[in-house]
Amino acid sequence: MAFTPDARPDLPSQYSPAEVEGALYDTWVQRGYFTADPRSEKPPFSLVIPPPNVTGNLHLGHALEQSMMDALTRRARMRGFDALWLPGMDHASIAVQNLVERHLAETEGKGRFDYSREEFVQKAWEWKERFGGQILGQMRRLGDSVDWTRERFTMDAGLSRAVQTIFKQLYDDDLIYRAERIINWCPRDLTALSDIEVDHAEESGELISIRYGDGGNSIVVATTRAETMLGDTAVAVHPEDERYRHLVGRTVALPLTNREIPIVADGHVDPSFGTGAVKVTPAHDPNDFEIGRRHDLPMLTIMDERGAITAPGPFAGLDRLEARYSIVAALREEGRIVAEKRPYVHSVGHCSRCDTVVEPRLSLQWWVRVERLAKAAGDAVRDGRVRIEPASLAPRYFAWVDGLRDWCISRQLWWGHRIPVWYSPDGDDVCFGPDEQPPAGWTQDEDVLDTWFSSALWPFSTLGWPEDTDDLRRYYPTSVLVTGYDILFFWVVRMMMFGLYAMHDGGPEGEVPFRTVLLHGLVRDSSGKKMSKSRGNVIDPLVWIDEYGADAVRFSLLQGANPGADQAVNEEWVVGARNFCTKLWNATRFAMINGATVEGELPAEVDGADAWILSRLNTVLAELDEFYERFEFAKAADLLYHFAWDEVCDWYLELAKIALAGPRAATTRRVLGEVLDTLLRLLHPMIPFVTERLWTALTGGESVVIAPWPAVHPARDDPAATAAIVAVQAVVGEVRRFRSDQGLKPAQRVPARVTGAGTGEAAVRWLLRLDEPGEAFAATAALTTAGGVTVELDLSGTIDVAAERARLAKDLSAAQKERETNAAKLANEAFTAKAPEAVIAKVRDRLAAAEADIERVQTALGALASA
RNA sequence: GGGCGCUUAGCUCAGUGGAAGAGCACUCGGUUUACACCCGAGCGGUCACUGGUUCGAACCCAGUAGCGCCCACCA
């Protein structure tokens, strides 16, 4: 079978991603492909990037998230939407402040308070300029089709204006207030933290039982935090606890101090825990704070903001931990320690940023009153205005919004949005909007806002809010939000609350920030462990991009992206994805060498492999669209991988080699062009670079970025052609297996008679290296398949009778087992009475097939015996 | 303490009522003119365990064991 190359490919023989990716990306941006146009006739499709923190580098989780978003955006663009993917970064208040502090300590040997606030903030801006650029560069390397003309930063002028505006609205609506409560305090970062910025970990500590008071007036309390006893202002017992009823209302002497504290009855106390009596430290424990409020107890702060004891006496100045040991020792000396349980495992809160043990602390802070906002956020999902994908994660969302407590939004930090409240010299406080000027002599609140406060505005602040802009009208609500399930509480809930509050659409309730929330899982290492610096298993996506190309990294991540599920990654998968790109490269080269074209209409008369592959294209496209609608990236990637490799490359291109040498070569060239053109478009959202390079070379078109998404052509469905190819595949598979079992070298040509293959005979002969039967032809083996194709081979003198007999015996026993299984089912009256007709028919077919198989194998065994 | 999820081939994972799947790894064969980053052929699983429902269970129900995650004011 000979064919003559009639065209030189415009493609080198090897693909080098590094050489083309950067240039392609720059061209896309220059040509404005990624720039959305609010005046466009096209329907809008929009999404905002979860703004990466300006803390340094992107990790594989970002790469996964952005690969998903880019695939969605690029596909929408190809489908004719005016697609906007809005990029940007988050100032990450506490995280960046910590990094800048560490950086300054290392480089200049100074602490935060060695700088003025202005100097420090300036240093943080320098940090942002330096590392923010790095992140944007990584996004370019990955190929993100973001609209750079709309890039935003949470601390830029427009977003700062949005922050101040909504703060004032909430303040005026009495949804922001200032109050003294117990908050989570980080003694290292010297700031308040919200509940979700505290990580709890089981730790082994000690449970110390201490006798308060003496004689008949004594009571034993148990504590893990003996040092806080200096701030005790009561002992609480359960109101119905008979053991202590007589003590309620009396006082006991607090050891190591000369204070008398009351014994109160409170329902919060669990009589079955410990001694059933609990010490009450209202200023240093959230529970005790509540008890204190109910019983009007004094709130005694005994520690400073760094966790050192301030209560006067021998312990003053000691750190909380030192104080604990000293106080226990002192109590022991006084004989007040009744019991010590060590180790005692309990949960301890840590600062999620610096891991310091958090100190509950009575403090004056700003709060968002969340009840009404959280209700609206919950209802929007409950009534279907927002869809959470996968739906199995919705309960987590509800559990959160339905139990949300007021949100502490003030932070004692410098890097962030300063709280827009000013104090008069008399101490009055007034909130000012962005266009208002506080009177001279007033001073602004020192605190900044929780970084999630500005993040919560991201879907509309980035589009111009509070101004009534074209972008805002057109792109809000955004189409979909893609983020990790671990960010559901931090970010998604808050965007819902603020979006519904701020984005009024004439109705009583605002418009949702997005239609769908798509939650992805975490990227883990190859053995399923979480990536972390301390484990040393963090992988920099750039390293893999350098080695295998951005497409390979993207595709391997998407291959593992099952909705809501974590995924383990390892380098071998990236290698596999790289190999896939190479495969596409070579397939396209092959097509071009052989004159594949996209010029002109497809011929009306198409048959054989050409008809089959066009028919398959329809099916694949329909399945692919279905997977995309359900955000099944892994399945979409798998579908295209197998279609491209197994069907297009392994079968269609091989079969095309025959057609290209025959009278229908022109048709096949056109179909080859059509198939690769379509395949490359379908793959482009996932692997943009290699598809762009190949598609432009193949078609001469401007760019696949702006090429239309392929359509299903019902007229190309061809069940007959499909059945014919399936029959060829079946017999080819069977004979290949036979040849392999017989130890025939692949190149060994064998005389054979082929019957029942129709026009597929040439293909069967080509693929199996079969010669025409000569005059001395004597069939020594016959293979028939379900498609009705028979191949008789002449292996005179070379056949390994024993090997083939063993093989056939194995087939026979499998077929017999199959026959028995299905016959038994049909003999079962319960089955035939209750099973659906389709299932029964299937079993009948299988029985018939098994019987045919048995006959075929027995015939073959007979032929073998006479050979 | 409460809630949720997982357990399928050596590894990482699909499959949620009608014949056990993929990728990688492994074995054998290959200088077939797009591709060895390749081609062809294979090996490999009582679907954690025990019971139940059903004509039929990897899939539904109950329980057991192991692993993981989330929430929580475990003094």
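We name chains A, B, ... by the order of the sequence lines, and we start the count at 1 in each one.
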Can you measure [X] atom [atom1] to [N] atom [atom2] for me and round it to whole angstrom units?
X: A:N562; N: B:U8; atom1: CG; atom2: P; answer: 15 Å
X: A:L488; N: B:C69; atom1: CG; atom2: C1'; answer: 14 Å
X: A:D270; N: B:A72; atom1: CG; atom2: C1'; answer: 15 Å
X: A:E654; N: B:C38; atom1: CD; atom2: P; answer: 15 Å
X: A:F627; N: B:G15; atom1: CZ; atom2: P; answer: 10 Å

*Looking at CG of A:L404 and CH2 of A:W400, how far apart are the two atoms once the value is rounded to the nearest 0.5 Å?*
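Going from CG on A:L404 over to CH2 on A:W400, the span is 6.0 Å.
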
[X] side-chain proximity, nearest of [options]:
X: A:F273; options: B:C74, B:G18, B:A34; result: B:C74
X: A:E572; options: B:C24, B:A75, B:C38; result: B:C24
X: A:Y641; options: B:G29, B:C24, B:A34; result: B:C24
X: A:F590; options: B:A75, B:A72, B:A34; result: B:A34

Need one value for [X]: base, sugar-phosphate or nothing, where a base atom within 4.0 Å counts as base even if backbone is also close, heavy atoms only.
X: A:V221; result: nothing
X: A:H642; result: sugar-phosphate
X: A:C581; result: nothing
X: A:R739; result: nothing
X: A:I182; result: nothing
X: A:T224; result: sugar-phosphate
X: A:E818; result: base
X: A:A747; result: nothing
X: A:P746; result: base
X: A:S526; result: sugar-phosphate
X: A:F489; result: sugar-phosphate
X: A:P836; result: base

[N] phosphate, OP1 or OP2: any side-chain N/O from [X] under 4.0 angstrom?
X: A:K745; N: B:G30; value: yes
X: A:K657; N: B:A34; value: yes
X: A:K635; N: B:G15; value: yes
X: A:N570; N: B:C11; value: no

Go through the side-chain N and O atoms of [X] and [Y] and say whether any donor and acceptor fall under 3.5 Å apart.
X: A:E829; Y: A:T832; value: no
X: A:D199; Y: A:S352; value: no
X: A:K279; Y: A:T228; value: yes
X: A:H642; Y: A:D638; value: yes

*With a 4.0 Å heavy-atom cut-off, tell me which residues in residues 396-403 of chain A come close to RNA chain B, sorted by residue number.*
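Only A:R396 qualify.
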
*Which of residues 194-206 of chain A have a heavy atom under 4.0 Å from RNA chain B?*
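Nucleic-acid contacts, sorted: A:E202.
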
*Which sits closer to the 5' end of RNA chain B, A:V648 or A:Q14, going by the nucleotide each is nearest to?*
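First, find each residue's nearest nucleotide; the 5'-ward one identifies A:V648.
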
*Which comes earlier along RNA chain B counting from the 5' end, the contact point of A:D646 or that of A:A591, where each point is its nearest nucleotide?*
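Between the two, 5'-proximity favours A:D646.
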
*Are A:E340 and A:R342 within salt-bridge range, i.e. N to O under 4.0 Å?*
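Here A:E340 pairs with A:R342 in a salt bridge, since their nearest N and O are under 4.0 Å apart.
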
*Do A:K657 and A:E654 pass the salt bridge (charged side-chain N to carboxylate O under 4.0 Å, His left out) test, and can you show the C-alpha distance, the side-chain angles, and the key distance before you say yes or no?*
CA-CA 5 Å; A:K657 288 175 182 173; A:E654 291 307 315; 3.1 Å; yes

Between protein and nucleic acid, restricted to nucleotides 40-44 of chain B and to nitrogen or oxygen atoms under 3.5 Å apart, what atom pairs and distances do you find?
residue: B:A41; atom: O2'; partner: A:S740; partner atom: OG; Å: 3.1
residue: B:C43; atom: OP1; partner: A:K810; partner atom: NZ; Å: 3.2

*What pairs with A:R736 under salt bridge (charged side-chain N to carboxylate O under 4.0 Å, His left out), at least two apart in sequence or on another chain?*
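Not a single residue meets the salt bridge (charged side-chain N to carboxylate O under 4.0 Å, His left out) criterion with A:R736.
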
*asked:* Tell me every residue that passes salt bridge (charged side-chain N to carboxylate O under 4.0 Å, His left out) with A:E227, counting only those two or more places apart in sequence or in another chain.
replied: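 Salt bridge (charged side-chain N to carboxylate O under 4.0 Å, His left out) list for A:E227, sorted by chain: A:R225, A:R324.
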
Pairs of donor and acceptor atoms involving the side chains of residues 570-578 of chain A, under 3.5 Å and at least two apart or interchain, shall be tabulated with distances.
residue: A:N570; atom: OD1; partner: A:E572; partner atom: N; Å: 2.8
residue: A:E571; atom: OE2; partner: A:Y548; partner atom: OH; Å: 2.7

_A side-chain contact here means heavy atoms from C-beta on lying under 4.5 Å apart; do A:I687 and A:L584 qualify?_
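A:I687 vs A:L584: side chains touch.
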
